[in-house]
There are 2 protein chains.
Amino acid sequence: MSKVSPTERQKKIARYAKAMGHPTRMYVLELLSKQSCCYSGDLTEELPIVKSTLSQHLKELKNAGLIQGEIEAPKIKYCINKENWKEAQSLFKEFLKL
Amino acid sequence: MSKVSPTERQKKIARYAKAMGHPTRMYVLELLSKQSCCYSGDLTEELPIVKSTLSQHLKELKNAGLIQGEIEAPKIKYCINKENWKEAQSLFKEFLKL
DNA sequence: ATATTTGTTCGTTGATTAACGAACAAATAT
DNA sequence: ATATTTGTTCGTTAATCAACGAACAAATAT
């Protein structure tokens with residue numbers, strides 16, 4: 001009977017996974033994990049979505065801690081958040097037994 | 001200007017990631033990836049959610065292809081879907097550069 | 001025959017997500 | 001001073017998600 005909730009570790013992975021759970025966000029993450037940075041303007045040109053929608057996706061990735069933005073007025077340069085990226089890597093690695 | 005959509009690979013990862021994007025589902029996946037199988041009744045007892053809610057989560061994991069259920073009347077035995085699990089492993093591995 | 005066990009499905013509710021366009025803010029360029 | 005560029009925020013709409021309890025289905029046990 002004694003109930004057991006998911007662990008904090010599992011919640012953390014779920015949080016990262018959720019952020020990765022959309023094609024557009026995967027596109028952005030993969031781009032940023034390959035080249036160091038990009039401007040969101042570049043993404044708006046590449047992707048078949050409107051800039052406000054992209055902005056929302058970037059916000060979600062930011063809130064999940066996977067990316068970070070740096071102002072280079074008037075543009076914003078987005079990069080992987082290296083610290084959290086490392087954490088995500090090790091969490092997934094352990095979970096997937098890679 | 002020429003628009004580029006996320007690749008099929010990115011969509012696939014997003015699909016797996018979305019399924020992993022909830023604490024309860026992570027709990028189940030981690031359990032099943034460690035021990036070979038389990039009955040959903042066991043999960044209902046462990047987890048602080050009602051059986052119908054659990055059933056929904058299991059359905060989502062099934063739809064994403066990460067687990068499979070086998071009838072052992074009157075119970076149902078759930079296991080990892082090994083083939084898709086392997087695919088997910090390699091997709092995440094490549095994506096995360098592990 | 002009836003009750004029990006085990007899960008799924010249905011209906012409901014409230015919250016969250018995804019997408020768009022319009023309006024806005026801030027810096028830069030004219 | 002004004003227009004342009006670059007992104008975010010707001011408001012809206014439709015869809016999906018998460019949770020619950022009740023009803024149902026199927027097999028097993030009494």
Side-chain angles (χ1 to χ4, degrees), chain A residues 1 3-6 10-11 13-29 31-32 37-79 81, chain B residues 1 3-6 10-11 13-29 31-32 37-79 81:
Chain A
M1 254 305 156
K3 304 294 186 178
V4 175
S5 291
Q10 287 160 346
K11 288 185 198 170
I13 301 182
R15 195 169 143 75
Y16 285 131
K18 191 176 180 187
M20 290 164 43
H22 190 284
T24 297
R25 296 196 291 270
M26 274 304 306
Y27 179 95
V28 173
L29 282 177
L31 186 71
L32 287 183
C37 296
C38 77
Y39 297 97
S40 66
D42 304 342
L43 296 170
T44 308
E45 279 183 15
E46 289 169 31
L47 289 167
I49 55 174
V50 133
K51 62 180 176 172
S52 58
T53 302
L54 175 65
S55 183
Q56 302 274 15
H57 284 305
L58 293 175
K59 195 183 186 180
E60 281 188 64
L61 289 172
K62 239 187 301 177
N63 289 341
L66 288 172
I67 68 172
Q68 58 195 7
E70 185 188 335
I71 296 174
E72 275 192 14
K75 297 186 180 183
I76 295 180
K77 193 175 72 174
Y78 282 101
C79 313
N81 181 320
Chain B
M1 255 307 157
K3 303 295 187 177
V4 176
S5 291
Q10 286 160 348
K11 287 185 198 170
I13 301 183
R15 194 169 143 76
Y16 285 131
K18 191 177 179 187
M20 291 164 42
H22 189 285
T24 296
R25 296 195 292 268
M26 274 305 307
Y27 180 94
V28 173
L29 283 176
L31 186 71
L32 288 182
C37 296
C38 78
Y39 296 98
S40 66
D42 303 342
L43 296 170
T44 309
E45 279 184 14
E46 288 170 30
L47 290 166
I49 56 174
V50 133
K51 63 181 177 174
S52 60
T53 302
L54 175 65
S55 183
Q56 303 275 16
H57 284 305
L58 292 174
K59 195 182 187 181
E60 281 189 65
L61 289 172
K62 240 188 300 179
N63 288 342
L66 288 172
I67 69 172
Q68 57 195 8
E70 183 189 336
I71 296 175
E72 275 191 13
K75 297 186 178 181
I76 294 180
K77 193 175 72 174
Y78 282 101
C79 314
N81 181 319

S.K.: So that I can compare with my own list, what are the stems of DNA chain D, taken as at least three consecutive Watson-Crick or G-U pairs with distances under 3.5 Å?
M.R.: C:1-30 with D:1-30

S.K.: Can you confirm whether A/Pro6 sits close enough to B/Leu47 that some side-chain heavy atom of one is under 4.5 Å from a side-chain heavy atom of the other?
M.R.: yes

S.K.: Taking the side chain as everything from C-beta on, heavy atoms only, tell me whether B/Tyr78 gets closer than 4.5 Å to B/Ser40.
M.R.: yes

S.K.: Indicate whether OP1 or OP2 belonging to D/dA19 is found under 4.0 Å from a side-chain N or O atom of B/His57.
M.R.: yes

S.K.: CD of A/Glu72 versus P of C/dT28: gap in Å, rounded?
M.R.: 12 Å

S.K.: Return the value, rounded to whole Å, for the distance between atom NZ of A/Lys11 and atom P of D/dA18.
M.R.: 15 Å

S.K.: So, does B/Lys75 use its side chain to make a donor-acceptor pair with the main chain of B/Gly41 at under 3.5 Å?
M.R.: no

S.K.: Which whole-number value in Å describes the distance from A/Lys18 NZ to D/dC17 C1'?
M.R.: 9 Å

S.K.: Rounded off to whole Å, could you give me the CZ-to-C1' distance for the B/Arg15 and D/dT16 pair?
M.R.: 14 Å

S.K.: Output a table of nitrogen or oxygen pairs between the protein and nucleotides 6-9 of chain C separated by less than 3.5 Å.
M.R.:
unit_1: C/dG7; atom_1: OP1; unit_2: B/Gly41; atom_2: N; d: 3.4
unit_1: C/dG7; atom_1: OP2; unit_2: B/Gly41; atom_2: N; d: 3.1
unit_1: C/dG7; atom_1: O5'; unit_2: B/Ser40; atom_2: OG; d: 2.9
unit_1: C/dG7; atom_1: N7; unit_2: B/Lys51; atom_2: NZ; d: 3.0
unit_1: C/dG7; atom_1: O6; unit_2: B/Lys51; atom_2: NZ; d: 3.0
unit_1: C/dT8; atom_1: OP1; unit_2: B/Tyr78; atom_2: OH; d: 2.5
unit_1: C/dT8; atom_1: OP2; unit_2: B/Ser55; atom_2: OG; d: 2.7
unit_1: C/dT8; atom_1: O5'; unit_2: B/Ser55; atom_2: OG; d: 3.3

S.K.: Show which side-chain atoms of residues 16-23 of chain A pair as donor or acceptor with protein atoms under 3.5 Å away, not counting sequence neighbours.
M.R.:
unit_1: A/Tyr16; atom_1: OH; unit_2: A/Glu87; atom_2: OE1; d: 2.6
unit_1: A/His22; atom_1: ND1; unit_2: A/Thr24; atom_2: N; d: 3.1

S.K.: B/Glu60 has an atom CD; how far is it from atom C1' of C/dT17, in whole Å?
M.R.: 14 Å

S.K.: Starting from C1' on D/dA18, measure out to OH on B/Tyr27 and report it in whole angstrom.
M.R.: 19 Å

S.K.: A/Lys51: what forms a salt bridge (Lys or Arg N to Asp or Glu O under 4.0 Å) with it, not counting sequence neighbours?
M.R.: none

S.K.: Please identify each residue that fulfils side-chain hydrogen bond (donor to acceptor under 3.5 Å, both in side chains) with B/Lys11, with sequence neighbours left out.
M.R.: B/Glu8

S.K.: Mind listing the side-chain donor-acceptor pairs of residues 56-71 of chain A below 3.5 Å, one per line with the distance, residues two or more places apart or on another chain?
M.R.:
unit_1: A/His57; atom_1: ND1; unit_2: A/Arg25; atom_2: NH1; d: 3.0
unit_1: A/Glu60; atom_1: OE1; unit_2: A/Arg25; atom_2: NH1; d: 3.4
unit_1: A/Glu60; atom_1: OE2; unit_2: A/Arg25; atom_2: NH1; d: 3.3
unit_1: A/Asn63; atom_1: ND2; unit_2: A/Lys59; atom_2: O; d: 3.4

S.K.: Tell me the closest heavy-atom pair linking B/Leu32 and B/Cys79, and the distance in Å.
M.R.: CD1-C, 4.0 Å

